[in-house]
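Quick notes on the structure that follows.
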Amino acid sequence: MDTFLTVEEYEAAARDRLPADVWGYVYGGSGAELTLRANRAAFERLALRPRFLVDVSRCDPATTLFGARLSTPIGVAPMAFHRLVHADGEVATARAAGAAGQLLVVSIFASRSLEDIAAAAAGPLWLQLYWLRRRAVVIDLVRRAEAAGYGALVLTVDTPRLGRRLRDVRAGFAVPADVTAVNLDAAVTAGTHHAADGVSALEAHSRAEFDQTLSWADLAWLCGQTALPVLVKGLLTAEDAERALAHGAAGIVVSNHGGRQLDGAVASVDALAEVVAAAAGRCPVLLDSGVRTGADVLKALALGASAVLVGRPVLWGLACGGADGARDVLGLLAAELADAMVLSGRPRLADVDATLIHNSH
Ligand code: FNR
């Protein structure tokens with residue numbers, strides 16, 4: 001396998017390797033992809049204020065989340081169907097994250113079983129849920145996750161249905177028959193495979209199967225069904241952060257779904273500070289969407305994130321070299337974070353605060 005020096009290089013190599021429709025599904029955003037681009041632009045606009053003549057001979061990015069130790073505050077965001085990009089799917093991703101001592105959030109649409117993923121994992125695992133109309137299916141997954149040792153649940157709330165992703169619409173994208181959301185029964189997943197011209201099968205499927213009546217009371221209900229901490233993923237405002245905490249959330253993931261849901265939504269790193277302020281230390285706040293370098297991670301931590309999740313880059317690594325490729329991408333980001341901590345004079349996470357961000361306004 002080739003080894004690349006940046007996430008961008010993995011991206012270019014993955015584009016060469018993947019079928020065009022799969023590439024479009026993984027890469028794409030919704031609508032005019034304004035939010036997809038805004039996520040990157042926002043990170044690039046933020047500038048760091050390095051400090052010097054600090055002893056940086058020991059750099060320690062390790063942290064703890066919900067009692068689990070992470071070698072670095074970088075985890076894998078929940079993404080459906082890893083087998084679209086590599087035959088081993090989420091089992092390979094779990095090996096990669098475990099080898100790096102990093103967190104993996106498994107999607108409800110994982111293409112390997114929760115139990116097989118747990119067997120391959122050496123690090124913490126969380127399970128992400130969408131709220132399906134068939135509530136019993138969701139609760140069955142919660143029980144399986146508890147039994148298999150998953151450490152937290154992540155309820156994604158920005159997806160009453162999938163955003164309109166034009167690349168998938170144009171390609172008539174449907175999930176190939178040999179890749180399935182194996183943790184759900186066939187009646188729930190059949191629609192993901194229905195190919196039709198000018199239709200994204202996943203968008204159509206989400207309209208049929210996702211429960212659009214979901215409200216805050218349902219979050220409280222879910223929290224009452226399990227002893228696992230429940231994080232809410234997809235929040236972008238202080239108001240919703242307050243509500244999430246009032247309804248039992250144990251953590252928040254600030255995210256715009258990598259620009260795949262509401263096009264025109266604020267870049268997630270631009271929404272981070274207000275959510276952190278609203279949470280006021282009551283729960284961990286994580287961030288995803290657009291993290292591509294270790295310096296991006298450092299910027300998010302400086303703005304108050306406890307950790308970041310990385311999406312597409314992990315699939316690019318997986319596409320390039322299975323578990324080894326995904327591990328290399330995670331290792332690359334971890335090494336870049338350590339480099340940024342050393343070069344900015346913040347060798348410990350406790351030293352990383354808002355004074356690291358240049359205020360250009
Ligand atoms: C996702 N995302 C996602 N989120 C979620 O809660 N459940 C899911 O099943 C999926 N599936 C999914 C598939 C693919 C191919 C992508 C690219 C993304 C969103 C994901 O968790 C995360 O929010 C973004 O990917 C983060 O942005 P970056 O790092 O990809 O820019």
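Note that these values count all heavy atoms, side chains included, but never hydrogens, waters or copies made by symmetry. Note that this is a predicted model, so its numbers are computed, not measured.
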For this session: Evaluate side-chain contact (heavy atoms from CB on, under 4.5 Å) for Leu332 paired with Val7, printing each intermediate quantity in order.
Result: CA-CA 8 Å; Leu332 171 64; Val7 163; 4.2 Å; yes

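- Asp21 places no side-chain N or O within 3.5 Å of a backbone atom of Ala171 that could act as its donor or acceptor partner.
- Using a cutoff of 4.0 Å between basic side-chain nitrogens and carboxylate oxygens, Arg134 and Glu209 are scored as salt-bridged.
- Applying the salt bridge (charged side-chain N to carboxylate O under 4.0 Å, His left out) rule to pairs touching residues 275-287 yields Glu242-Arg282, sequence neighbours excluded.
- Of the charged side-chain nitrogens involved, at least one lies within less than 4.0 Å of a carboxylate oxygen, so that Glu115 and Arg144 count as a salt-bridged pair.
- Among residues at least two apart or in separate chains, there is no ring-ring contact (aromatic ring centres under 6.0 Å, His included) pair with a member in residues 251-308.
- Panel note: side chain Ser200, backbone Glu203; a donor-acceptor pair is recorded below 3.5 Å.
- When the ring-ring contact (aromatic ring centres under 6.0 Å, His included) test is applied to His205, the partners found at least two apart in sequence or on another chain are Phe109.
- At a threshold of 4.0 Å, the pair Arg327-Asp324 counts as salt-bridged, since one of the basic side-chain nitrogens sits closer than that to a carboxylate oxygen.
- The ring-ring contact (aromatic ring centres under 6.0 Å, His included) analysis of residues 168-201, with sequence neighbours excluded, yields the pairs Tyr25-Phe173.
- Summarising the hydrophobic clusters (Ile, Leu, Val, Met, Phe, Trp, Tyr; side-chain heavy atoms under 4.5 Å, direct or chained), the residues clustered with Leu286 are Leu65, Phe66, Leu70, Leu103, Val105, Trp126, Val154, Leu231, Val253, Leu309.
- Applying the side-chain hydrogen bond (donor to acceptor under 3.5 Å, both in side chains) rule to Glu336 yields no partners; only residues at least two apart in sequence or on another chain are considered.
- Ionic pairing of Arg348 and Asp351 is present here: one or more N-O contacts between side-chain nitrogen and carboxylate oxygen are shorter than 4.0 angstrom.
- Screening Arg40, Lys299, Arg45 for a salt bridge (charged side-chain N to carboxylate O under 4.0 Å, His left out) with Asp270, the sole residue that qualifies is Arg45.
- Relative to the six-membered ring of Trp221, Arg135 meets both conditions, a distance below 6.0 Å and an angle of at most 45° to the axis.
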